[in-house]
Amino acid sequence: MIESTCRTCNGVIDWVDCPTGGWWQHAEHPEDGHDAVSGYDPAEMMDGLGRWTTLRRKA
């Protein structure tokens, strides 16, 4: 699981991966209803042996 901190409320947010992209979601949805905002988006990179590594990169 990839976690970050929401820029709006400093709450914990998790990356939800899907084949067409992905999105950030709050671990607990805030009462003011804002969407999760992070400065990072995950990326994947394959090494020379064909192993995938998930990285965090600045958005």
Side-chain angles (χ1 to χ4, degrees):
M1 178 180 297
I2 299 172
E3 291 182 345
S4 187
T5 303
C6 180
R7 286 182 171 180
T8 304
C9 67
N10 292 322
V12 176
I13 55 178
D14 304 317
W15 180 254
V16 178
D17 196 19
C18 83
T20 58
W23 63 91
W24 289 103
Q25 71 176 9
H26 283 94
E28 292 185 33
H29 198 67
E31 290 184 18
D32 66 2
H34 71 268
D35 290 335
V37 180
S38 176
Y40 292 93
D41 283 329
E44 289 188 326
M45 183 176 75
M46 185 181 289
D47 67 14
L49 299 174
R51 296 177 295 203
W52 286 96
T53 303
T54 301
L55 310 168
R56 284 175 44 164
R57 67 171 189 224
K58 265 199 153 163

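- Every side chain to side chain donor-acceptor pair (under 3.5 Å) that His26 has, sequence neighbours left out, goes to His34.
- Shown here for Asp35 and Cys6, the closest heavy-atom pair between the two residues is O-SG, 4.4 Å.
- Interatomic distance, CD of Glu28 versus SG of Cys9, reported as 10.5 Å (0.5 Å rounding).
- Side-chain contacts under 4.5 Å among hydrophobic residues (ILVMFWY), followed directly or transitively, place Val37 with no other residue at all.
- Residues Ile13 and Trp23 form no side-chain contact, since every pair of their non-hydrogen atoms from C-beta on lies 4.5 Å or further apart.
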